[in-house]
2 protein chains.
Amino acid sequence: MLENIKHPTTRNGKATFNLILRAAEMLFLENGYHKTTVADITHKAGVAAGTFYLYFPSKISLYQHLLLDISHTIRKEIASKIKDKTSRRDKEKEGIKAFLEYAIKNPHMYNIIWESFYIDRALFREYYESFSKRYVKGLQAAQAEGEVDDIDLEIVSYVLMGITNFVGLKLILDLGDEPKSVDSVVETIIRILDHGLFQKNA
Amino acid sequence: MLENIKHPTTRNGKATFNLILRAAEMLFLENGYHKTTVADITHKAGVAAGTFYLYFPSKISLYQHLLLDISHTIRKEIASKIKDKTSRRDKEKEGIKAFLEYAIKNPHMYNIIWESFYIDRALFREYYESFSKRYVKGLQAAQAEGEVDDIDLEIVSYVLMGITNFVGLKLILDLGDEPKSVDSVVETIIRILDHGLFQKNA
DNA sequence: TCATAAAGTGAATACCTATTCATATCATAA
DNA sequence: TTATGATATGAATAGGTATTCACTTTATGA
């Protein structure tokens, strides 16, 4: 399913390769996969149509490459932000904040990630499953320390991904108007994760 | 942006109209919007290509019609299930359960709802914003009763939608293998909403 | 029975776009 | 300088698909 990209060997080749990659990224992010044509990409990159196929065997192979790229970037971003926090609770808080900030800085990232659901289902599934697995690993360590309740951590990972993804979506939908501050939103979320949603009476 | 559908007036016309609608629903659900052609739809419905355009001015107008349809169905489904619960906490629990059960029964519904993000952004936004508004209304009533913490309910609504959507997604991704039971999953979620995620020590 | 409007047909149209390929240029090592 | 592989070109190809339209059929009320 994964077609092989031909990486360039010369300085010029590498420059062209990156021009195409950056042009495609901007266009996919802006307009999505289906509304972006190969001609759009090569035009924006300033190269001929045929040049595209020197490096990428197909339009979808470029898309897959980009998705993996973005996926790694997000993970690294979050990992670097939480590595110096000690408690799981604080790691969670920082991780949520890092994700939301990334989302606001890259408001079209959903264009690439979610669209994979329709373009390459296996890739979509792999994206979230591997994200979940890494999440579970961190939560397990915390659970062993008694920091986290004894519950199904795989479901917890989807709960947490769902929260960050949808709240991030909300922030992005509001970008034109007056979006809430990331900090206030993180407070709301972490409050739920700290105490739950409902009032305790009696 | 919303094109007008021409509703049939005769018994035969109505039957044909529905044949097209059902065929399209099945195909969009199964294969998504872009992979479904108008020819596929008319073939499955057993009518000629031109018949499609007697009722629907375009492929996308049919898609929009279906999305609104499904949206109403989900809401009614959830509303009917939670109406006899008294506490907000129990309403929430039943609502989550109803959504997840609907998702499992209609595993491709995301095909229509999420894809609108790429097909008709305004419709997507409207879908989630109106879902959120209704959610907030319910939560406000509960907040007035002191049942729910004093926090930003709009964010809470996206938190809750994120949880149900992503856990539903997880259940659907697992459908081929051995999916977890809806009840056990609901327990995990409600436990977080009841007490939070972390252990209280001291 | 017949006029009429609604419903139905499906081949033709018109457009779009991913990919190919014959050809040309470039950079560099020998 | 020159041979060579990498890089680059862009017109042509090939396949697909939403929509139209001139025409036919059907149902029904007068």
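The chains referred to below are lettered A, B, ... by the order of the sequence lines, with proteins before strands, and numbering in each begins at 1. Predicted model, so just to flag it, every value in this text is computed and none were measured.
- Taking only side-chain nitrogens and oxygens, A:Thr16 never comes nearer than 4.0 Å to OP1 or OP2 of D:dA6.
- Distance from the side chain of B:Val38 is smallest for D:dA18 among the nucleotides C:dA7, D:dA18, D:dT9.
- Regarding A:Leu27, its CG atom lies at a distance of 12 Å from the P atom of C:dA18, rounded to whole Å.
- For B:Leu54 and D:dT25, the CG to C1' distance is 13 Å, given to the nearest whole Å.
- Under a 4.0 Å N-O distance rule, the pair A:Lys83/A:Asp90 does not qualify as a salt bridge.
- Checked for salt-bridge contact, A:Glu30 and A:Lys35 miss the test: no charged N lies under 4.0 Å from a carboxylate O.
- Between the CD1 atom of A:Ile20 and the P atom of D:dT7 there is a distance of 11 Å, given to the nearest Å.
- Under 4.0 angstrom from either OP1 or OP2 of C:dG8 there lies no side-chain N or O belonging to B:Asn12.
- Going from atom NE2 of A:His34 over to atom C1' of C:dC16 covers 14 Å, rounded to whole Å.
- Heavy-atom nearest nucleotides on DNA chain C were determined for A:Thr36 and for B:Lys6, and the one closer to the 5' end corresponds to B:Lys6.
- Residues B:Glu25 and B:Arg22 are paired through a salt bridge, judged by an N-O separation under 4.0 Å between the basic side chain and the carboxylate.
- For D:dA18, the OP1/OP2 oxygens have no side-chain nitrogen or oxygen of B:Ser58 closer than 4.0 Å.
- Taking the charged nitrogens against the carboxylate oxygens, A:Arg89 and A:Glu92 have no contact shorter than 4.0 Å, which rules out a salt bridge.
- If you take CZ of B:Phe52 and P of D:dC21, they are 17 Å apart, rounded to a whole angstrom.
- Residue contacts shown for A:Thr51 include a base, since a base heavy atom lies under 4.0 Å away.
- The distance from the OH atom of B:Tyr128 to the CZ atom of B:Phe117 is 10.5 Å, given to the nearest 0.5 Å.
- Using a 4.0 Å heavy-atom criterion, one finds that B:Tyr55 contacts the sugar-phosphate atoms exclusively.
- Taking the side chain of B:Tyr53 as heavy atoms from C-beta on, and the options D:dT20, C:dA7, D:dA8, the nearest nucleotide is D:dT20.
- Phosphate contact (OP1/OP2 of D:dT7, side-chain N/O of A:Thr10, threshold under 4.0 Å): present.
- Each of B:Thr9 and B:Gly50 was assigned the nucleotide of DNA chain C with the nearest heavy atom; the assignment lying further toward the 5' end belongs to B:Thr9.
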